[in-house]
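Atoms within each ligand, like the ligands themselves, are counted from 1 in listed order.
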Amino acid sequence: MPSEHEAGPVLLRRPACHSAADLEVLAPSRDSPLWASVTGVAGRKEEPVGVRARAVERGRSGWSLRRGHSFAVPRPPPAPAHLSSGDMTGTPGAAATRDGEAPEHSPPCSPSYDLTGKVMLLGDSGVGKTCFLIQFKDGAFLSGTFIATVGIDFRNKVVTVDGVRVKLQIWDTAGQERFRSVTHAYYRDAQALLLLYDITNKSSFDNIRAWLTEIHEYAQRDVVIMLLGNKADVSSERVIRSEDGEMLAREYGVPFMETSAKTGMNVELAFLAIAKELKYRAGRQANEPSFQIRDYVESQKKRPGCCSFL
Ligand SMILES: Nc1nc2c(ncn2[C@@H]2O[C@H](COP(=O)(O)OP(=O)(O)OP(=O)(O)O)[C@@H](O)[C@H]2O)c(=O)[nH]1
């Protein structure tokens with residue numbers, strides 16, 4: 001049973017079956033207010049809302065909504081077009097005010113997924129993490145002025161792999177050093193990490209080893225890691241060869257591919273491979289053939305055209 005002062009997300013017992021489909025405490029700690037994310041709020045639209053500490057309590061069977069508390073909490077102001085304008089205070093719960101998975105028409109309390117997993121996007125500032133997430137979630141590319149992510153943010157998306165609906169809760173982290181202490185708190189709870197560098201930026205590639213050291217320090221030992229060389233569409237400015245990414249990934253025993261948040265190349269594949277791995281881990285049967293994420297990625301990934309290589 002988690003303690004009230006323990007940091008990091010804690011999965012809550014599903015509340016009484018009248019409206020919410022999912023409830024999580026995002027930041028229970030002595031210093032920060034206890035926030036919960038509730039999805040599946042009244043009506044047909046699923047959207048997370050922030051619920052303050054007063055709304056949750058710990059009972060015998062875990063955390064739950066306090067009796068008599070309704071979900072009619074004030075709606076947060078509309079999210080700006082760019083995901084990155086988060087809460088400067090670093091209060092992780094602020095992330096709960098972002099929009100959630102696509103509206104679903106399932107009845108209340110019938111979850112629209114079979115499995116859930118937390119995925120974090122990591123890498124230096126400017127490598128394209130936010131764009132990568134938006135491309136996957138909305139199929140759009142955010143071009144124009146670069147607005148650095150502040151703190152941490154998340155979006156949900158349900159993908160179906162082999163008939164199993166996997167809800168991916170994808171956390172977009174700020175790459176800037178000053179937010180590192182905020183984001184470290186989230187590593188422990190993640191099942192998968194997508195680690196990005198920018199093929200046009202050498203230092204973002206050189207820093208991958210430091211990122212992996214942090215991951216080994218803060219994340220679960222069996223966390224799924226994937227290395228992604230992003231911006232593969234910008235062949236004229238490439239400074240990191242694909243082979244270098246491959247070599248580094250081999251050294252750490254992680255799958256690798258080049259991606260483009262702009263064209264969408266391999267973006268969906270990255271998340272599908274993660275979802276497949278999570279599904280395999282969750283339902284592993286004695287006779288089930290093992291799933292090798294590296295082989296899967298190698299067999300499915302698209303490569304940039306010949307001329308984009310150095
Ligand atoms: N050409 C190209 N540009 C990209 C790609 N991905 C991101 N960009 C651009 O790179 C810049 C940074 O992208 P972001 O997604 O905001 O970077 P980030 O990693 O989230 O940065 P932080 O929030 O500071 O950690 C933006 O100007 C994007 O338009 C890509 O695949 N191709």
Ser260 heavy atoms, cut-off 4.0 Å: which ligand 1 atoms fall inside?
-> 31 (O)
Regarding Lys157 and the six-membered ring of Phe271, is the cationic atom NZ or CZ under 6.0 Å from the ring centre and inside 45° of its axis?
-> no
Just distances here: any N/O of Gly123 and N/O of ligand 1 closer than 3.5 Å?
-> no
In ligand 1, the atoms that come under 4.0 Å of a heavy atom of Val234 are 1 (N)
One finds that the ligand 1 atoms under 4.0 Å from a non-hydrogen atom of Gly175 are 22 (P), 25 (O)
Just which atoms of ligand 1 are under 4.0 Å from any heavy atom in Ala261?
-> 6 (N), 30 (C), 31 (O)
Nitrogen or oxygen atoms of Lys262 and ligand 1 under 3.5 Å apart | yes
For the pair Arg303 and Glu298, find out whether any cationic side-chain nitrogen is under 4.0 Å from an anionic carboxylate oxygen.
-> yes
Distance-only side-chain donor-acceptor flag, Gln292 / Arg294, under 3.5 Å = no
Asn230 vs Thr259, side-chain hydrogen bond (donor to acceptor under 3.5 Å, both in side chains): CA-CA, chis, key distance, verdict | CA-CA 5 Å; Asn230 193 39; Thr259 59; 3.0 Å; yes
Short list, please: which atoms of ligand 1 are under 4.0 Å from a heavy atom of Ala148?
-> 23 (O), 24 (O)
Is there any N or O on Lys231 that sits under 3.5 Å from an N or O of ligand 1?
-> yes
Enumerated ligand 1 atoms positioned under 4.0 Å from heavy atoms of Asp124 | 19 (O)
Asp233 and Ser235 side chains, donor-acceptor separation under 3.5 Å = no
Under 3.5 Å between some N or O of ligand 1 and some N or O of Gly126?
-> yes
Heteroatom proximity flag, Phe132 to ligand 1, N/O under 3.5 Å | no
Hey, does the side chain of Arg180 reach the backbone of Gly175 with a donor-acceptor pair shorter than 3.5 angstrom?
-> yes
Contact atoms of ligand 1, heavy-atom distance to Ser125 under 4.0 Å | 21 (O), 22 (P), 24 (O), 25 (O)
Which part of Phe141 is near ligand 1, with near meaning a heavy atom under 4.0 Å away: side chain, backbone, both or neither?
-> side chain
Would you mind checking if Arg209 and Glu251 are paired as a salt bridge, meaning a charged N to carboxylate O distance below 4.0 Å?
-> yes
Which bit of Ala232 gets closer than 4.0 Å to ligand 1, counting heavy atoms only: side chain, backbone, both or neither?
-> neither
Which part of Asn230 is near ligand 1, with near meaning a heavy atom under 4.0 Å away: side chain, backbone, both or neither?
-> side chain
Salt bridge between Arg281 and Glu277, side-chain N to carboxylate O under 4.0 Å?
-> yes
From CA spacing to verdict: side-chain hydrogen bond (donor to acceptor under 3.5 Å, both in side chains), Ser204, Asp124 | CA-CA 6 Å; Ser204 74; Asp124 278 10; 5.3 Å; no
Which word best sums up how the rings of Phe291 and Tyr296 line up, parallel for under 30°, tilted for 30 to 60°, or perpendicular for over 60°?
-> tilted
Logged contact type for Thr149 with ligand 1, heavy-atom cut-off 4.0 Å, is both
Among Val267, Thr263, Thr130, which one satisfies side chain to side chain contact (heavy atoms under 4.5 Å, CB included) with Gln135?
-> Val267
Of all the atoms in ligand 1, which lie at a distance below 4.0 Å from a heavy atom belonging to Asp233?
-> 1 (N), 2 (C), 30 (C), 31 (O), 32 (N)
